[in-house]
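Following: one structure in structure tokens, then a few remarks.
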Amino acid sequence: MTTQQFLVYLSLCAVCVLTKPTDKKDRVHHDPQLSEKVHDDAQNFEYDHDAFLGADEAKTFDQLTPEESKERLGKIVSKIDEDKDGFVTVEELRDWIKFAQKRWIYEDVERQWKGHDLNEDGLISWEEYKNATYGYILDDPDPDDGFNYKQMMMRDERRFKMADKDGDLIATKEEFTAFLHPEEYDYMKDIVVQETMEDIDKNRDGVIDLEEYIGDMYSHDGDADEPEWVKTEREQFVEFRDKNRDGKMDKEETKDWILPSDYDHAEAEARHLVYESDQNKDGKLTKEEIVDKYDLFVGSQATDFGEALVRHDEF
């Protein structure tokens with residue numbers, strides 16, 4: 001068994017472990033906060049630095065001189081300007097901020113890409129993924145641990161086909177990202193809902209009732225008294241999750257629960273940065289306008305970007 005296969009084995013086994021009575025499983029997918037710092041430009045621009053680069057990358061800029069910060073910021077601007085028209089729009093800035101905040105996703109894809117692109121052709125077919133992940137199971141259809149790996153493989157295949165937009169069973173890096181992180185893509189949200197309902201719907205009636213909802217996040221494990229958060233979740237189910245008051249959650253109600261329509265912090269920050277930097281008020285930014293306002297976007301010794309530019313090469 002390869003390291004990759006062993007890790008898959010461990011992750012699959014974890015699915016079977018009962019949740020501890022005091023643990024709460026969170027199935028809701030929220031966009032992360034852009035920064036833990038207070039957004040108060042009258043005091044400092046630290047929130048904006050975290051939003052623009054990501055908190056870890058923002059710290060490295062503080063080691064640079066103002067001249068170095070401006071130079072590296074200029075190089076970033078060239079990458080943000082996707083259509084190379086010499087301007088950065090709100091949309092391009094928003095996309096960059098979302099990339100900076102979710103860099104870990106792209107790093108995860110890069111790690112897994114190397115282990116699954118077996119013929120190194122820059123694409124990953126379903127056969128390659130299946131063989132790299134489940135090859136040992138195909139050789140031993142009845143593993144000793146009794147876990148239903150074939151069912152898991154069928155579920156992966158269904159998700160792979162959903163991510164594969166052109167239906168050729170060969171994934172580009174973007175399609176592979178959608179396969180690994182479907183919650184990040186609008187066209188994959190139905191599969192996220194379907195998989196969640198399959199996990200929770202124990203009686204297989206196609207809906208989630210109150211006890212299934214609670215049972216997914218809490219196991220009594222012999223305790224008669226439920227923690228307060230469990231009682232609160234019961235109330236949440238009745239008052240908010242079950243919108244039509246029929247005692248269960250259907251597909252749309254489950255989608256509203258796990259994939260809420262959050263306020264778009266990246267969009268708001270992008271508009272803020274454009275508003276503050278747009279000297280001629282044409283609604284978009286030139287490289288000069290951004291660099292002139294460099295202290296809003298990045299830090300410096302006066303106030304290490306390091307890896308942000310390198311990691312954005314695939315963006």
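Quick caveat, the model's predicted, so the values are computed rather than measured.
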Q: Check step by step if side chain to side chain contact (heavy atoms under 4.5 Å, CB included) holds for Q194 and E198.
A: CA-CA 6 Å; Q194 184 176 355; E198 288 173 352; 3.5 Å; yes
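- In this structure, the side chains of M188 and I191 come closer than 4.5 Å at one or more pairs of heavy atoms.
- When atom types are taken as modelled, the side chain of E82 and the backbone of E92 share no donor-acceptor pair closer than 3.5 angstrom.
- A pairwise comparison of heavy atoms in D50 and S35 identifies OD2-OG, 2.7 Å as the closest pair.
- Of all the heavy atoms in A100 and G54, the pair that sits closest is CB-N, 4.0 Å.
- Using a distance-only test at 3.5 Å, with no hydrogens or angles considered, no donor-acceptor pair links the side chain of Q43 to the main chain of D40.
- In this structure, the separation between CZ on F45 and CG on L273 is 10.0 Å, given to the nearest 0.5 Å.
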Q: Could you walk me through whether K284 and D81 pass salt bridge (Lys or Arg N to Asp or Glu O under 4.0 Å), step by step?
A: CA-CA 11 Å; K284 52 192 176 183; D81 179 18; over 6 Å; no
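- Note on ring orientation: taking the six-membered ring where Trp is involved, the planes of F52 and W96 are tilted (angle from 30° to 60°).
- Here the side chains of D199 and R27 are in contact, with some heavy-atom distance below 4.5 Å.
- In this structure a side-chain-to-backbone donor-acceptor pair under 3.5 Å is present from N131 to E127.
- Ring centers of Y129 and F179: under 6.0 Å apart, within the cut-off.
- Taking every heavy atom of both residues into account, H116 and A132 meet most closely at CD2-CB, 3.6 Å.
- Heavy-atom minimum distance, M197 versus G206: CE-O, 3.3 Å.
- Of all the heavy atoms in M249 and T254, the pair that sits closest is CB-OG1, 3.8 Å.
- Aromatic rings of Y106 and F99 (six-membered ring for Trp) have centroids within the 6.0 Å cut-off, being under it.
- R245 places a side-chain N or O within donor-acceptor distance of the main-chain N or O of D242, the cut-off being under 3.5 Å.
- Between the side chain of S69 and the backbone N or O of G299, at least one donor-acceptor pair lies under 3.5 Å.
- The distance from the NZ atom of K287 to the NZ atom of K75 is 10.0 Å, given to the nearest 0.5 Å.
- Checking side-chain atoms of D117 against main-chain N and O of D121 turns up a donor-acceptor pair under 3.5 Å.
- Taking NZ of K102 as the start and OG1 of T177 as the end, the distance is 12.5 Å to the nearest 0.5 Å.
- For the pair K281 and Y275, the cation-pi test (distance below 6.0 Å, angle within 45°) is passed.
- Between the side chain of D209 and the backbone N or O of K248, no donor-acceptor pair lies under 3.5 Å.
- Counting only heavy atoms from C-beta outward, the side chains of L296 and D41 approach each other to under 4.5 Å.
- Interatomic distance, CD of E183 versus NE2 of H181, reported as 7.0 Å (0.5 Å rounding).
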Q: Using the salt bridge (Lys or Arg N to Asp or Glu O under 4.0 Å) rule, take K114 and E120 through it: C-alpha gap first, then chi angles, then the decisive distance, then the call.
A: CA-CA 8 Å; K114 294 174 183 177; E120 299 182 348; over 6 Å; no
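- Taking the charged nitrogens against the carboxylate oxygens, K161 and D164 have no contact shorter than 4.0 Å, which rules out a salt bridge.
- A heavy-atom distance below 4.5 Å is found between the side chains of E228 and K231.
- Residues K59 and L53 fail the side-chain proximity criterion, which asks for heavy atoms closer than 4.5 Å.
- Hydrophobic clustering (ILVMFWY, side-chain heavy atoms < 4.5 Å, transitive): L169 and L123 are in distinct clusters.
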Q) T172 and E175: side chain to side chain contact (heavy atoms under 4.5 Å, CB included), yes or no, with the steps? A) CA-CA 5 Å; T172 62; E175 290 170 335; 3.4 Å; yes
Q) Checking side chain to side chain contact (heavy atoms under 4.5 Å, CB included) for the pair K98/D264: CA distance, chi angles, key distance, verdict? A) CA-CA 10 Å; K98 288 187 175 183; D264 194 334; 3.5 Å; yes
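- Under the 6.0 Å cut-off for aromatic ring centres, F240 and W257 do not qualify, their centroids lying 6.0 Å or more apart.
- In terms of hydrophobic clustering, with Ile, Leu, Val, Met, Phe, Trp and Tyr side chains grouped at heavy-atom distances under 4.5 Å, V77 and F87 are assigned to different clusters.
- Clustering ILVMFWY residues whenever any of their side-chain heavy atoms sit less than 4.5 angstrom apart, transitively, puts L34 in a cluster other than the one holding Y263.
- Looking only at side-chain heavy atoms (C-beta outward), H30 and P260 come within less than 4.5 Å of each other.
- Rounded to the nearest 0.5 angstrom, E195 CD and R158 CZ are separated by 5.5 Å.
- Of the candidates D250, V193, V192, V193 is the only one forming a side chain to side chain contact (heavy atoms under 4.5 Å, CB included) with K255.
- Stacking of K173 on the aromatic ring of W113 is recorded, both the 6.0 Å distance cut-off and the 45° axial limit being met.
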Q.
Between I214 and F237, does the side chain to side chain contact (heavy atoms under 4.5 Å, CB included) criterion hold? Intermediate values first, please.
A. CA-CA 9 Å; I214 295 298; F237 182 95; 6.0 Å; no
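- Although no hydrogens or angles enter the test, the distance criterion places no donor-acceptor pair under 3.5 Å between the side chain of E289 and the main chain of D278.
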Q: Go through the steps to decide whether D48 and H39 satisfy the test side chain to side chain donor-acceptor pair (under 3.5 Å), and finish with yes or no.
A: CA-CA 7 Å; D48 302 297; H39 195 182; 3.1 Å; yes
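- Note: F297 CZ to E276 CD = 9.5 Å, rounded to the nearest 0.5 Å.
- Side-chain contact between E288 and V291 is absent, with no heavy-atom pair separated by less than 4.5 Å.
- No side-chain donor-acceptor contact under 3.5 Å links Q112 to the backbone of V109.
- Judged by distance alone, the side chain of E68 and the main-chain N or O of T65 form a donor-acceptor pair under 3.5 Å.
- In the hydrophobic clustering of this structure, V207 does not group with L210; members are Ile, Leu, Val, Met, Phe, Trp, Tyr whose side-chain heavy atoms approach within less than 4.5 Å, directly or through other members.
- By the 6.0 Å and 45° rule, K37 does not stack over the aromatic ring of Y47.
- In this structure, W229 and Y218 have perpendicular ring planes: the angle between them is above 60°, well past the 30° mark.
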Q) Yes or no on salt bridge (Lys or Arg N to Asp or Glu O under 4.0 Å) for D108 and R111, after CA distance, side-chain angles and deciding distance? A) CA-CA 5 Å; D108 176 55; R111 283 192 299 268; 3.8 Å; yes
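- At a threshold of 4.5 Å between non-hydrogen side-chain atoms, the residues S300 and D62 do not count as touching.
- Clustering ILVMFWY residues whenever any of their side-chain heavy atoms sit less than 4.5 angstrom apart, transitively, puts F160 in the very cluster that holds M153.
- Taking each heavy atom of R159 and L180 in turn, the nearest pair found is NH1-O, 3.9 Å.
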Q: Begin with the C-alpha distance, continue with both residues' side-chain angles, and end with the deciding distance and a verdict on side chain to side chain donor-acceptor pair (under 3.5 Å) for Y294 and E67.
A: CA-CA 10 Å; Y294 83 98; E67 291 73 22; over 6 Å; no
**Q.** Test salt bridge (Lys or Arg N to Asp or Glu O under 4.0 Å) applied to R94 and E267, step by step
**A.** CA-CA 5 Å; R94 176 201 62 204; E267 173 91 16; 3.1 Å; yes
